[in-house]
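Single-structure report; data block below.
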Amino acid sequence: VTAIGEWGPWINGGAWLTVERTRVDLVYRDMAKVRGVIATCYAGRIERAYQPGHPHGFISSIWMGEVALCRVLWDPDKVMTPLKRQCDPYPDALGEALIRTFFWEARFAVENAEHGSGRDDVNYVAGCIFRTVACLCQTLFALNRVYLLNEKGAVRGVEKLTRHPPDFAARVAQIHCFGAAGLPALRGLIGDVEGIDEGLVPAPEREAPHRDALRLQCRHLAPDEGGARHRGGVDQVGDLHGPERSRMRVLPVLRARAA
């Protein structure tokens, strides 16, 4: 059994146990932080953190989902009852935040896999495919207003949702088998998710599809820098129609994305 905090700020710690030949995960949670996360989820704000054991990262809304879906076995101080009331129904602001974050990333990840030399790197393409599928799972669970607790089992879980693309799990398995050759099918899966709800893609992007949009190499500049330096040495790639453009100074076009 670990000390508190030994597994990081989001998993906190615990143990992998075997109780009467049954595997049991003991996991700590800081209830003050859980309350704070529930409040931020209601406000439509989520966090993503690198976390071993969570290959898609740890999403803060997991804590809210745990509270909503857990079966309380022992709670002498009645801590969980008021918290569970806060988690039902699923907050619309949380769903919109997850969709806004992860449907964009799904399209961005497959675009990265399609671009340039990345297609020749089997491991890189596999990573992009995994991230795309994980983001689609997040999007679909949020679209159905169902909490998603873990990447593990998420693809099968999509099949149980009310609204989902047909044969989602089988198509994902086939895409993984084909690697780079499966990217067109992955594009098709993204299109089917978009077809479930047109609101997934903002109107300007529907008019000029994301995959064909001219891409600009942009740098955030401080107002007094006069274009001489870029803030923090960080380059960012922005969409021609992206919301960031209005507050960026844009350097000359470096490339157009291949269709």
Side-chain angles (χ1 to χ4, degrees), residues 46 48 54-59 61-62 65 90 94-213 215 237 239 241-242 257-259:
I46 58 171
R48 292 177 288 177
H54 284 266
H56 190 226
F58 192 91
I59 316 303
S61 56
I62 289 173
Y90 186 112
L94 172 60
E96 294 305 316
L98 290 166
I99 291 168
R100 185 169 58 248
T101 298
F102 289 111
F103 194 61
W104 174 86
E105 186 185 340
R107 294 181 296 148
F108 184 59
V110 73
E111 189 171 273
N112 283 331
E114 291 170 336
H115 182 67
S117 61
R119 291 179 60 91
D120 300 325
D121 188 325
V122 174
N123 189 57
Y124 179 77
V125 170
C128 290
I129 291 173
F130 168 79
R131 290 204 68 86
T132 300
V133 172
C135 288
L136 291 180
C137 290
Q138 289 282 355
T139 300
L140 287 163
F141 271 77
L143 189 62
N144 284 272
R145 299 300 191 256
V146 175
Y147 291 104
L148 178 58
L149 304 186
N150 201 304
E151 310 95 322
K152 195 184 303 179
V155 171
R156 292 192 304 273
V158 165
E159 299 279 2
K160 300 176 183 178
L161 300 173
T162 301
R163 296 193 289 172
H164 64 83
D167 303 316
F168 183 81
R171 293 163 73 183
V172 166
Q174 190 174 51
I175 289 165
H176 276 292
C177 289
F178 287 154
L183 293 176
L186 187 56
R187 277 282 186 192
L189 193 58
I190 291 173
D192 283 357
V193 173
E194 183 180 336
I196 293 172
D197 188 334
E198 285 191 355
L200 289 175
V201 179
E205 292 190 35
R206 290 200 300 275
E207 294 162 8
H210 182 81
R211 65 179 178 273
D212 298 324
R215 308 286 291 183
V237 176
D239 193 305
H241 301 282
R257 304 288 278 196

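We count residues from 1, following the sequence as given.
From Thr132, atom OG1 reaches atom CD1 of Ile175 across 9.0 Å, with rounding to the nearest 0.5 Å. Rounded to the nearest 0.5 angstrom, Ile62 CD1 and Leu148 CG are separated by 7.0 Å. Rounded to the nearest 0.5 Å, atoms SG (Cys137) and CG (Leu161) are 9.0 Å apart. In this structure, the separation between CZ on Arg131 and CZ on Phe102 is 8.0 Å, given to the nearest 0.5 Å. Atom-to-atom distance recorded for Leu143:CG and Ile196:CD1 is 6.0 Å, nearest 0.5 angstrom.
Taking all atoms of both residues into account, the shortest heavy-atom contact from Ala106 to Leu136 is CB-CD2, 3.8 Å. Nearest heavy atom pair, residue Gly65 against residue Leu149, reads C-CD2, 3.4 Å. Scanning both residues, His54 and Glu151, for their nearest heavy atoms gives C-OE2, 3.1 Å. Contact between Gly179 and Ile129 at its shortest, heavy atoms only, is O-CD1, 3.7 Å. Between Ala169 and Glu159, the shortest heavy-atom distance links the atoms N-OE2, 2.7 Å. Nearest approach of Ser61 to Leu98, heavy atoms of both residues: OG-CD2, 3.9 Å.
Annotation: side chain of Thr162 is not in contact with side chain of Val146 (no heavy-atom distance under 4.5 Å). Here the side chains of Leu183 and Cys128 are not in contact, with every heavy-atom distance at 4.5 Å or above. The side-chain heavy atoms of Asp192 and Arg171, taken from C-beta on, include a pair separated by under 4.5 Å.
Without hydrogens or angle criteria, Arg48 side chain to His56 main chain gives no donor-acceptor distance under 3.5 Å.
For Gln174, there are no side chain to side chain donor-acceptor pair (under 3.5 Å) partners, not counting sequence neighbours. With sequence neighbours left out, Asp167 forms a salt bridge (charged side-chain N to carboxylate O under 4.0 Å, His left out) with no residue at all.
Sequence neighbours left out, the pairs with a member in residues 136-145 that pass side-chain hydrogen bond (donor to acceptor under 3.5 Å, both in side chains) are Asp92-Arg145, Glu96-Arg145.
A salt bridge is defined here as a Lys NZ or Arg NE, NH1 or NH2 lying under 4.0 Å from an Asp or Glu carboxylate O, and Arg187 with Glu114 meets this definition.
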